[in-house]
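Some notes on the structure that comes next.
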Protein chains: 2
Amino acid sequence: MCEKLKNLKKTEYKIALLLSENGILNANDLQNMLNVDKATVYRNLKSLLKKKIIREILTDEKSFYEIDCNIHNPIHPHFECVKCKKIYCLKPLSAQDTINLSHYTDFEISSIEIIIKGICNECKKQF
Amino acid sequence: MCEKLKNLKKTEYKIALLLSENGILNANDLQNMLNVDKATVYRNLKSLLKKKIIREILTDEKSFYEIDCNIHNPIHPHFECVKCKKIYCLKPLSAQDTINLSHYTDFEISSIEIIIKGICNECKKQF
DNA sequence: TATCATAATGCAACTCAGTTGCAAAAATAA
DNA sequence: TTATTTTTGCAACTGAGTTGCATTATGATA
């Protein structure tokens with residue numbers, strides 16, 4: 001359990017816990033699991049994002065969320081299957097693969113997101 | 001001018017040209033520049049995407065598009081300023097920075113998108 | 001415990017990017 | 001020219017995410 005997760009409000013904490021246990025989820029998943037209004041889900045997701053407790057992964061249609069405890073869940077690329085729309089978390093990049101951001105001095109960088117698109121193994125079999 | 005751009009339909013071609021000349025644009029930009037209905041813009045963008053003539057960059061609120069002529073516009077990371085929402089094209093990764101995708105054998109990869117978020121120089125000055 | 005202030009929630013209405021059905025217009029074929 | 005196919009405009013729709021507001025829950029304070 002991450003230090004970060006202490007001192008959260010009730011619903012924030014529940015969301016953080018669900019994401020810790022289930023990996024990557026979208027707002028609708030969370031709404032169903034928590035049985036609360038979608039406005040409540042989105043409001044809590046926003047405050048968790050602001051506190052940098054969760055990360056957002058944008059896809060074609062909706063956003064997904066995952067916990068941001070660097071030790072337990074280091075930053076990693078995501079794979080989006082264009083057929084089934086499922087999101088897969090990929091292995092974190094190895095040290096030598098890590099992108100060198102030091103050229104980009106014109107920007108104050110706060111986050112990086114690598115999205116790889118294609119077709120997953122399951123869908124490859126089916127089509 | 002890319003080979004790819006030959007044999008396009010009229011509106012497809014106009015969009016491809018605008019993107020070649022202007023870099024990165026969104027659907028609304030294109031609608032205004034072309035003076036056509038937004039449905040037409042989106043339909044043409046979709047077919048250009050399918051033909052792999054343009055690339056799509058997803059951001060928080062809307063998508064942006066850029067031409068996909070590998071020589072003239074190689075794949076590169078994008079920077080999204082969280083303040084002004086502007087999208088910047090960054091220098092392509094150097095050879096040693098290029099991500100090694102060979103581990104990800106469970107997936108048939110078709111595209112990669114690296115989005116870096118933060119605050120751009122302009123906004124840094126202002127706030 | 002009762003009272004007050006503040007924060008969190010539910011609900012409904014809204015926004016806005018993107019999609020879709022359909023009829024009209026344009027392009028192409030015959 | 002006429003017939004067929006493709007593209008467009010329009011208007012209505014979809015669905016993710018937001019917002020205003022009244023209600024409920026929480027927490028502080030006396």
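Order of the sequence lines sets the chain letters (A, B, ...), proteins ahead of strands, with each chain counted from 1. Note that the structure is predicted; figures quoted are calculated from it, not measured.
- Reading DNA chain C from its 5' end, the first and the last nucleotide to sit under 4.0 Å from a heavy atom of chain B are C:dA17 to C:dA27.
- Taking atom NZ on A:Lys85 and atom C1' on D:dA16, their separation rounds to 15 Å, with Å as the unit.
- Two residues are said to be in side-chain contact when any heavy atoms from C-beta on lie closer than 4.5 Å; B:Leu5 and B:Ser20 meet this criterion.
- Rounded to a whole Å, the NZ atom of A:Lys38 is 8 Å from the P atom of D:dA16.
- Residue B:Lys85 places its NZ atom among more than 12 non-hydrogen atoms of other residues, nucleotides or ligands, all under 6.0 Å distant.
- The shortest distance between the side-chain N/O atoms of B:Thr40 and the OP1/OP2 oxygens of D:dT7 is not below 4.0 Å.
- A donor-acceptor contact under 3.5 Å is not formed by the side chain of A:Lys62 with the base of D:dG15.
- With a 4.5 Å cut-off on side-chain heavy atoms, B:Ile15 and B:Leu48 count as touching.
- Computed from coordinates, the A:Leu8 CG to D:dT26 P distance equals 17 Å when rounded to whole Å.
- Within a 6.0 Å radius of CG in A:Asn70, other residues, nucleotides and ligands contribute more than 12 heavy atoms.
- Listed by chain and residue number, B:Ile24, B:Arg55, B:Ile57, B:Asn73, B:His76, B:His78, B:Cys89 satisfy the side chain to side chain contact (heavy atoms under 4.5 Å, CB included) test with B:Glu66 (two or more places apart in sequence, or in another chain).
- Computed from coordinates, the A:Phe64 CZ to D:dG17 C1' distance equals 15 Å when rounded to whole Å.
- Look at A:Asp60 and A:Lys117 and you find a salt bridge, because one of the NZ, NE, NH1 or NH2 atoms lies within 4.0 Å of a carboxylate O, short of that distance.
- Contacts of A:Lys9 with the nucleic acid, taken as non-hydrogen atoms under 4.0 Å apart, involve only primed sugar atoms and P, OP1 or OP2.
- Between the P atom of D:dG17 and the CD atom of A:Gln31 lies a distance of 11 Å, rounded to the nearest Å.
- Within 4.0 Å of B:Lys10, counting heavy atoms only, lie sugar-phosphate atoms of the nucleic acid but no base atom.
- A 4.5 Å side-chain heavy-atom check between A:Glu108 and B:Asn121 finds every atom pair outside the cut-off.
- Near DNA chain D, defined here as any heavy-atom distance below 4.0 Å, the residues from residues 41-60 of chain A are A:Tyr42, A:Arg43, A:Lys46, listed numerically.
- Counting only heavy atoms from C-beta outward, the side chains of A:Val41 and A:Asn28 never approach each other to under 4.5 Å.
- Comment: B:Lys51 engages B:Glu12 in a salt bridge, judged by a side-chain N to carboxylate O separation of less than 4.0 angstrom.
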